[in-house]
Amino acid sequence: MDATSFVLKGNVCYSVSPQEASCTAGGYLVCVEGKSAGVFAELPERFASLPVIDCGDQLIVPGMSDIHVHAPQYAFRGLGMDLELIDWLNTRTFPEEARYADLAYAERAYSIFADDLRRSATTRAVVFGTLHVPATELLMDKLEATGLITYVGKVNMDRNSPDSLVETSEQSAEATRTWIADVAGRYERTRPIITPRFTPSVTDDLMAELSRIRAEFDLPVQSHLSENLSEVEWVHELCPWSSCYGDAYDHFGMLGPATVMAHCVYSDNEETELLRRTGTYVAHCPQSNAQLASGIAPIRRYLDLGMNVGLGTDVAGGADLSMFRCMADAVAVSKLRWRLVDQELAPLTTQEALWLATVGGGSFFGKVGSFAEGYELDALVLDDSGIRTPRELSDWERVERYVYLAEEGGRIARKFVAGREVELGA
Ligand code: GUN
Ligand code: FE
């Protein structure tokens, strides 16, 4: 189905604030030219001529934005989860990413990634590739074909990396310019994003050049920040001039509302204020933070400060692409943080997790993640009939339990991105 005008009829639930989800049983979600015209208990007369897609008793929720995921790491998800970040990068991740110099391998691996992402709850994603330009362009071609809307980054790495996965500063900048020129105007749904891997992998000279490229082409930025204690310490040694890790990016003009920084587990007051003041997005990746024993990010604090926060699976730090699992993990780790670390910061609620997965991350893409009038219409039609219970559940309870039990018997029946239906296939 093309971006068009239609009505979805079903049990419509979406976040109206971090604390509150609105549910309309047997409601009408109206899409006009790819955008929501609102949710109604009765279909207003002015929309009576639009085709109605009757979803019966199924749930209709906004599509989810995974704002931090590594496409090349999908191939080894679930393996080698016994190490902390730096050792995991050196022994598991870098050798795998080096394989994407081989386009035949990239073709096989990225076909699987794109196919699985298409059928997941994710409608938008902010994606790391590898440093290889041909493989990253192949990834972009494949993601474009899914119908999802994504930002994809060719990774930059010019230090502290193995010989099989490193560039000189000049090569890295040159390859980035080539890549941007190659993909300009090539896609409708897929955009480049500047991707310095993280400060330990990128020299100051390259960071400065990437900042110039970012400004010249008006591109967004993604990277990692304050994920792990040894990493924070290392950045302190590598950039002794910086006042905090975040300053090592801000110094080069890399922070702002078009930047996503993954993790921010150990951001101190100064760094938090820097992120808040610049409007930088924090990608909270709870499963990854648990699996790599990184820690627990103070997301309640970031929300209280009104910061931009969304969720990321961080595959393969996280093992799977499920944004429902990501929501459940965000709630679970916030409870552990509250119990074990800091009772000042209340745990997240499932309502807040839904808000983070939809509006929180979606806002990086514009008016995305809500069914309020004027938002781009990203929607999931959820069939929860396979999650059996003798109980009568409210629509919100059905959403809540879907978050926890999606993998047991949940099924995404239909999926729409900016008003276009995504082919889910087999
Ligand atoms: N920091 C630098 N690179 C990576 C990566 O690939 N994954 C995670 N989780 N953190 C990183
Ligand atoms: Fe990551």
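Residue indices begin at 1 and follow the sequence shown.
- Remark: of the listed residues Arg325, Gln287, Met323, Met323 is the sole one forming a side chain to side chain contact (heavy atoms under 4.5 Å, CB included) with Thr313.
- A salt bridge does not link Arg337 to Glu344: none of the charged side-chain nitrogens sits closer than 4.0 Å to a carboxylate oxygen.
- The list of salt bridge (Lys or Arg N to Asp or Glu O under 4.0 Å) pairs with a residue in residues 286-302, not counting sequence neighbours, reads Arg300-Glu352.
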- Task: Please step through side chain to side chain donor-acceptor pair (under 3.5 Å) for the pair Glu84 and Asn228, ending with a clear verdict.
- Result: CA-CA 8 Å; Glu84 284 193 48; Asn228 166 288; 3.3 Å; yes
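- No hydrogens or angles considered: a donor-acceptor pair under 3.5 Å links the side chains of Asn156 and Thr176.
- No donor-acceptor distance shorter than 3.5 angstrom exists from the side chain of Asp250 to the backbone of Gly246, with no hydrogens or angles considered.
- For the pair Arg99 and Tyr105, the cation-pi test (distance below 6.0 Å, angle within 45°) is passed.
- Listed by first and then second residue, the disulfide bond (SG atoms under 2.5 Å apart) pairs that reach into residues 309-390 come to none, sequence neighbours excluded.
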Requested in this report: Go through Arg401 and Asp384 one step at a time and tell me if the salt bridge (charged side-chain N to carboxylate O under 4.0 Å, His left out) criterion holds.
Outcome: CA-CA 9 Å; Arg401 134 195 127 115; Asp384 64 346; 3.7 Å; yes
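- With sequence neighbours excluded, no residue satisfies ring pair (Phe, Tyr, Trp, His ring centres under 6.0 Å) with Tyr404.
- Annotation: side chain to side chain donor-acceptor pair (under 3.5 Å) contacts involving residues 362-375, sequence neighbours excluded, comprise Tyr281-Ser363.
- The stretch residues 118-138 participates, sequence neighbours left out, in these ring-ring contact (aromatic ring centres under 6.0 Å, His included) pairs: His68-Phe128, His70-Phe128, Phe128-His224.
- A salt bridge links Arg92 with Asp82; the closest basic N to acidic carboxylate O contact falls under 4.0 Å.
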Would Arg420 and Asp378 count as a salt bridge (charged side-chain N to carboxylate O under 4.0 Å, His left out) here? Give the steps.
CA-CA 8 Å; Arg420 287 195 195 172; Asp378 288 13; over 6 Å; no
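- Residue pairs meeting the side chain to side chain donor-acceptor pair (under 3.5 Å) criterion with at least one partner in residues 44-64, sequence neighbours excluded, are Asn11-Asp57, Asp57-Arg398.
- Residue pairs meeting the disulfide bond (SG atoms under 2.5 Å apart) criterion with at least one member in residues 244-293, sequence neighbours excluded, do not occur.
- Between Cys55 and Ile60, the shortest heavy-atom contact is SG-CD1, 4.1 Å.
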Does the pair Tyr74 and Tyr110 meet the rule for a ring-ring contact (aromatic ring centres under 6.0 Å, His included), with working shown? CA-CA 8 Å; Tyr74 196 62; Tyr110 284 154; over 10 Å; no
- Please test Ser15 against Gln351 for side chain to side chain donor-acceptor pair (under 3.5 Å), starting from the C-alpha separation and ending with a verdict. CA-CA 7 Å; Ser15 295; Gln351 280 88 347; over 6 Å; no
TODO: For the pair Tyr151 and Phe365, evaluate ring-ring contact (aromatic ring centres under 6.0 Å, His included) and give the outcome as yes or no after the intermediate values.
DONE: CA-CA 9 Å; Tyr151 287 110; Phe365 294 86; 5.3 Å; yes
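- At a threshold of 4.5 Å between non-hydrogen side-chain atoms, the residues Thr358 and Val368 do not count as touching.
- With contacts defined as side-chain heavy-atom distances shorter than 4.5 Å, the pair Phe198/Leu89 qualifies.
- The salt bridge (Lys or Arg N to Asp or Glu O under 4.0 Å) search around Arg197 returns Glu97, not counting sequence neighbours.
- Within the structure, no pair that satisfies the salt bridge (Lys or Arg N to Asp or Glu O under 4.0 Å) test touches residues 222-234, not counting sequence neighbours.
- Within the structure, the salt bridge (Lys or Arg N to Asp or Glu O under 4.0 Å) test picks out the following pairs touching residues 269-296 (sequence neighbours left out): Glu273-Arg276.
- Taking the side-chain contact (heavy atoms from CB on, under 4.5 Å) definition, one finds that Ala406 meets it with Phe324, Tyr402, sequence neighbours left out.
- Here salt bridge (Lys or Arg N to Asp or Glu O under 4.0 Å) pairs that include residues 133-156, with residues two or more places apart or in two chains, are Glu107-Lys142, Glu137-Arg186, Asp141-Arg186, Glu144-Arg189, Lys154-Glu167.
- Between the side chains of Ser242 and Asp247, no donor-acceptor pair is found at a separation under 3.5 Å.
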(request) Decide side chain to side chain contact (heavy atoms under 4.5 Å, CB included) for Leu321 and Phe113; before the verdict, give the C-alpha distance in whole Å, the side-chain angles of both, and the deciding distance to 0.1 Å. (result) CA-CA 9 Å; Leu321 290 173; Phe113 172 76; 4.0 Å; yes
Self-check item: Evaluation steps, salt bridge (charged side-chain N to carboxylate O under 4.0 Å, His left out), between Lys415 and Glu421
Solution: CA-CA 6 Å; Lys415 175 166 166 175; Glu421 184 151 23; over 6 Å; no
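- No side-chain donor-acceptor contact under 3.5 Å links Gln19 and Thr349.
- Using modelled atom types, one finds no donor on one side chain facing an acceptor on the other under 3.5 Å when comparing Ser22 with Tyr14.
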